[in-house]
Q: 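First, the structure itself, so that you have it in front of you.
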Amino acid sequence: MDRTEAKKAAQRNQIFHKKGIVAVFFAMVLACLWLSGRLAWLMIFQSEYYMEQADELHERERSIKAARGEIYDATGTVIAANRTVCTISVIHNQITDADQVVEVLSEQLQIDPEKVRASVEKYSAREVIKTNVDKETGDAIRAFHLDGVKVDEDYKRYYPFGELASRVLGFTGSDNQGIIGLEVKYESVLKGIDGKILTMTTAAGIELDSMAEERIEPVPGNNLILSLDMNIQKYAQQAAEKVMEEKGAIAVNVVIMNPQNGEILAMVSVPEFDLNNPFTLNYELDQPVTAQEKQDLLNKMWRNPCISDTYEPGSTFKIVTATAALEEGVVSVNDSFHCPGYKMVEDRRIRCHKTTGHGSETFVQGVMNSCNPVFIEVGLRVGAERFYSYFDKFGLMRKTGVDIPGEASGIMHQPEDIGEVELATMSFGQSFQITPLQLLTVASMVVNGGTRVTPHFGVAVQSADGSFIQELEYPVEEHVISEQTCETMKMILEKVVSEGGGKNAFIEGYRIGGKTATSEKLPRSLKKYISSFLGFAPADDPQVIALITINEPEGIYYGGTIAAPVIRDIFENILPYLGLYPEYSPEG
């Protein structure tokens with residue numbers, strides 16, 4: 001290579017080298033610019049995200065359960081309260097002696113050591129060992145001062161009256177949330193807002209002793225005031241249990257209400273269950289069952305028949321038929337009827353409960369005698385279309401709106417399916433089904449002057465410190481039926497008790513009105529009955545109305561014989577308690 005070519009080669013190498021330096025320089029500049037931009041992006045636009053990530057790494061959060069609001073009855077007695085319990089948990093990175101932790105927790109909590117060890121050795125921020133631990137046990141564990149073991153106080157629902165009003169009150173689950181009854185209906189009222197405990201840790205999860213805990217205090221739930229009166233509930237339950245045992249019935253239901261405003265004073269469905277042990281069946285099983293079968297049995301036990309089960313009301317429904325007929329003007333109190341013991345409707349011979357017949361009787365006497373032929377004639381006078389319209393007018397085509405979940409609707413014929421036979425049987429309370437509470441609500445309207453009220457338990461809401469928050473209100477529909485019809489019905493139903501089939505509900509000195517019923521269950525071939533009585537007092541200005549149903553009594557099953565005396569016994573106890581005293585003496 002000559003000198004000229006060598007010189008040119010050297011120049012090319014020098015230029016290439018300079019270009020490389022420039023390229024590297026610009027690459028470094030671009031990298032710096034990218035890194036600066038990225039840093040700016042992270043510091044300015046992503047700072048909040050990475051601060052949250054850092055907080056999650058260094059903070060440990062434990063919840064502080066809020067106290068659930070208490071429930072009070074009409075007398076101001078606490079009927080659903082809270083007991084302090086503890087939640088035991090472990091934090092893996094803070095445990096210094098795993099064997100001791102396993103030994104203490106398994107012994108104190110009565111848990112298999114291997115199960116405890118599995119939780120202790122699990123790499124997690126926090127592992128719950130057991131909830132709803134009684135406070136004494138929690139304090140005993142806390143006294144060991146075990147590193148990595150947390151004992152946090154919590155609340156567990158407690159029901160001072162045990163099984164009283166079990167299906168009404170309902171109960172709460174493991175997280176203190178409502179499961180059934182008023183507890184779930186008023187969940188938003190009773191549930192508080194949980195608080196938090198925040199602690200600072202190292203990246204390894206070790207708590208920093210120099211950093212104080214930060215607490216966000218919980219907000220307790222509000223209190224609920226009910227119309228339910230536990231004294232009246234107790235009277236009613238005792239009476240229901242007594243007749244259930246005496247008559248070998250499978251169940252007895254009692255509902256007691258103020259017909260003027262719809263406030264429910266008592267609702268009994270025996271046998272009840274223990275609210276403090278709601279997952280224990282209230283009877284012994286004959287044989288082992290699967291978990292699903294056990295759950296089905298529990299669901300059945302928790303079910304509230306007063307609002308969830310429908311039945312053929314039988315003769316208590318004659319209150320509705322008579323009211324509709326009077327309102328339509330197709331019958332008067334002095335109309336005459338004749339009962340030979342049956343009535344032919346089309347090709348059907350429909351008998352009276354008195355097979356020999358009642359003979360000649362007025363409409364009032366027909367009600368007093370609970371005479372089926374009289375009511376068949378009255379129903380036919382009203383006619384299918386008008387009679388069906390009263391089902392809707394009286395609210396029997398819809399739910400009552402009671403403030404506990406699980407309410408059922410009635411089971412009715414379609415209008416086009418109601419012939420004369422169907423109309424005849426409907427007139428005395430057969431061939432359709434309603435709930436006990438639906439019947440009681442309609443009867444309340446009949447005796448309170450024609451106002452349809454909404455049956456309910458909730459009356460008011462208070463804050464945890466007892467301050468008034470709100471009074472609960474419910475729909476009311478006035479003038480559904482005329483006052484004249486209501487006055488006539490109260491007079492007739494008082495005669496049923498003073499002179500007719502409901503005389504076993506009579507109480508000396510009081511004016512009692514009512515109606516008996518004995519309805520045959522389906523299928524008729526089983527010859528099973530529901531005996532019932534609906535009563536109210538005082539008859540001229542009712543302040544209390546009650547309905548009892550006795551399901552499948554053994555032996556004598558007539559409502560006037562076995563159901564009416566139970567309401568009499570309940571009224572004898574609760575009328576003076578409510579400030580309703582005898583209006584006259586036997587001497588006049």
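Owing to the predicted nature of the structure, the values given are computational and were not obtained by experimental measurement.
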Q: Between the side chains of N253 and S269, is a donor N or O closer than 3.5 angstrom to an acceptor N or O?
A: yes
Q: Considering all heavy atoms of both residues, which atom of E583 and which atom of P538 are nearest to each other, and what is their separation?
A: OE2-CB, 3.3 Å
Q: Please determine whether a side-chain nitrogen of the Lys or Arg among E377 and K343 lies less than 4.0 Å from a carboxylate oxygen of the Asp or Glu.
A: yes
Q: Regarding E327 and R386, does a basic nitrogen lie under 4.0 Å from an acidic carboxylate oxygen?
A: no
Q: Before accepting this row, confirm whether a basic side-chain N of the pair E272/R303 lies closer than 4.0 Å to the acidic partner's carboxylate O.
A: no
Q: With a 4.0 Å cut-off on N to O distance, would you call K521 and E312 a salt bridge?
A: no
Q: Can a side-chain donor-acceptor contact be found between S431 and H413 if the only test is distance below 3.5 angstrom?
A: yes
Q: Indicate the atoms forming the closest heavy-atom contact of R157 with A81, along with that distance.
A: CD-O, 3.2 Å
Q: Considering only NZ, NE, NH1 and NH2 on the basic side and carboxylate oxygens on the acidic side, decide whether R511 and D540 come within less than 4.0 Å.
A: yes
Q: Given 3.5 Å as the limit, does a donor-acceptor pair link the side chain of Y186 with the main chain of K191, or not?
A: no
Q: Does this structure show an ion pair linking E494 with K490, if we count only N-O contacts that are shorter than 4.0 Å?
A: no
Q: Please give me the minimum heavy-atom distance between S444 and I545, naming the atom from each residue.
A: OG-CG2, 3.5 Å
Q: Would you call E552 and I530 a side-chain contact if the rule is heavy atoms closer than 4.5 Å?
A: no
Q: Can we call the ring centroids of F432 and F317 under 6.0 Å apart?
A: yes
Q: Any side-chain donor-acceptor pair under 3.5 Å between D229 and Q233?
A: no
